[in-house]
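Scroll down for the structure; my scribbles are underneath it.
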Amino acid sequence: QVQLVESGGGLVQAGGSLRLSCAASGRTFSSYALGWFRQAPGKEREFVAAISRSGDGTYYGDSVKGRFTISRDNTKNTLYLQMHSLKPEDTALYYCAAAARYSLTANPAEYNYWGSGTQVTVSS
């Protein structure tokens, strides 16, 4: 069982930066591949980024590639998403998720645990 709590969201101007964090409970944090997803009002949940259990493998959605960086600290049971060059279209509720698997996945159905989300709003 893993509980996930996101933080770090807020209001930022276009071109700005934010860093999201996701704190996890449990002693098996390093057993999970992790991901970030986002959902804007009226839209489907969108894959943002994923990271392997050890942190040596990452995968990004096309819309954030080159602007966002996913990382994890297994000693602190924490997942991060560093976001740069933010655009109004990045506005969404951002979720972290944990998958009980070794390989990376962009499929939300393959994630077992989800946080409740943190809101990111980018003004133009």
Side-chain angles (χ1 to χ4, degrees):
Q1 189 83 11
V2 177
Q3 291 185 323
L4 304 170
V5 180
E6 303 93 338
S7 61
L11 174 63
V12 63
Q13 288 189 329
S17 299
L18 278 176
R19 189 176 82 155
L20 305 184
S21 298
C22 174
S25 65
R27 291 179 287 180
T28 60
F29 180 75
S30 59
S31 299
Y32 295 88
L34 302 172
W36 287 99
F37 292 80
R38 66 187 183 186
Q39 188 165 19
K43 295 188 176 182
E44 292 187 353
R45 190 165 294 191
E46 178 189 9
F47 169 73
V48 175
I51 190 166
S52 64
R53 297 188 301 184
S54 64
D56 59 358
T58 57
Y59 177 50
Y60 295 92
D62 289 341
S63 62
V64 306
K65 205 171 295 183
R67 299 188 298 124
F68 291 10
T69 301
I70 189 171
S71 62
R72 65 190 293 168
D73 186 338
N74 287 344
T75 66
K76 296 181 179 179
N77 281 13
T78 304
L79 172 71
Y80 303 99
L81 184 69
Q82 180 67 56
M83 306 184 293
H84 294 298
S85 303
L86 283 162
K87 306 174 182 179
E89 51 264 43
D90 294 318
T91 295
L93 189 61
Y94 282 70
Y95 300 90
C96 64
R101 53 182 288 142
Y102 181 79
S103 58
L104 304 175
T105 178
N107 183 355
E110 298 189 52
Y111 285 81
N112 306 94
Y113 303 102
W114 292 82
S116 57
T118 185
Q119 178 68 38
V120 172
T121 302
V122 184
S123 62
S124 57

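FYI, the numbering just counts along the sequence from 1. Heavy atoms only: backbone and side chains are in, while hydrogens, waters and symmetry mates are out.
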Practice item. Verify the neighbour count for atom CD of Gln119: are there more than 12 heavy atoms of other residues, nucleotides or ligands below 6.0 Å? Key: yes
Review point. Are Arg38 and Phe47 in a cation-pi setup, meaning NZ or CZ lies under 6.0 angstrom from the ring centre and within 45 degrees of the ring axis?
Key: no
Point to revise | Tyr113: partners by ring pair (Phe, Tyr, Trp, His ring centres under 6.0 Å), with sequence neighbours left out | key: Tyr32
Exercise for review: Report the C-alpha separation of Leu79 and Trp36 in whole Å, then their side-chain angles, then the decisive distance to 0.1 Å, and conclude whether the side-chain contact (heavy atoms from CB on, under 4.5 Å) test is met.
Suggested key: CA-CA 9 Å; Leu79 172 71; Trp36 287 99; 3.4 Å; yes
Exercise for review: Using a cut-off of 6.0 Å, state whether more than 12 heavy atoms not belonging to Lys65 lie near its atom NZ.
Suggested key: yes
Practice item. Under the side-chain contact (heavy atoms from CB on, under 4.5 Å) rule, collect the residues that match up with Ser54, sequence neighbours excluded. Key: Ser52, Asp56
Exercise for review: State, yes or no, whether a side-chain contact exists between Tyr111 and Leu34 at a heavy-atom distance under 4.5 Å.
Suggested key: no
Review point. Do Glu6 side-chain atoms and Cys96 backbone N/O form a donor-acceptor pair below 3.5 Å?
Key: yes
Review point. Between Thr78 and Arg72, does a side-chain contact (heavy atoms from CB on, under 4.5 Å) hold up when you go through it step by step?
Key: CA-CA 6 Å; Thr78 304; Arg72 65 190 293 168; over 6 Å; no
Review point. Given the rule that I, L, V, M, F, W and Y join up when any side-chain heavy atoms are under 4.5 Å apart, are Leu93 and Leu18 in one cluster?
Key: no
Check your understanding: Between Ile70 and Val2, is there a shared hydrophobic cluster once you connect ILVMFWY residues whose side-chain heavy atoms come closer than 4.5 Å?
Key -> yes
**Study point:** Under 3.5 Å: donor-acceptor pair, side chain of Ser25, backbone of Gln3
**Key:** yes
Point to revise | Short side-chain to backbone donor-acceptor contact, Gln13 and Val122, under 3.5 Å | key: no
Exercise for review: Dump the intermediate steps for side-chain contact (heavy atoms from CB on, under 4.5 Å) on Thr118 and Leu20, then the final yes or no.
Suggested key: CA-CA 8 Å; Thr118 185; Leu20 305 184; 4.0 Å; yes
Review point. Between the side chains of Gln82 and Ser71, does any donor sit under 3.5 Å from an acceptor?
Key: no
Check your understanding: If you take all heavy atoms of Ala33 and Ser103, which pair is closest and at what distance?
Key -> CB-O, 4.0 Å
Exercise for review: List the steps and the verdict of side-chain contact (heavy atoms from CB on, under 4.5 Å) for Val48 and Phe68.
Suggested key: CA-CA 9 Å; Val48 175; Phe68 291 10; 3.7 Å; yes
Check your understanding: So, does Tyr60 use its side chain to make a donor-acceptor pair with the main chain of Arg67 at under 3.5 Å?
Key -> no
Point to revise | Contact summary for Asn74 and Ser30, nearest pair of heavy atoms | key: ND2-CB, 3.6 Å
Check your understanding: Of all heavy-atom pairs between Ala14 and Ser124, which one has the smallest distance, and what is that distance?
Key -> CB-CA, 4.4 Å
Review point. Can Met83 be reached from Phe37 by stepping across I, L, V, M, F, W or Y side chains whose heavy atoms are under 4.5 Å apart?
Key: no
Check your understanding: Do Trp114 and Leu81 share a hydrophobic cluster, counting only Ile, Leu, Val, Met, Phe, Trp and Tyr and linking them when any side-chain heavy atoms are less than 4.5 Å apart?
Key -> no
Point to revise | side-chain hydrogen bond (donor to acceptor under 3.5 Å, both in side chains) assessment of Asp73 paired with Thr75 | key: CA-CA 5 Å; Asp73 186 338; Thr75 66; 2.4 Å; yes
Review point. Among pairs that include at least one residue of residues 76-98, which meet ring-ring contact (aromatic ring centres under 6.0 Å, His included), considering only residues two or more places apart or in two chains?
Key: none
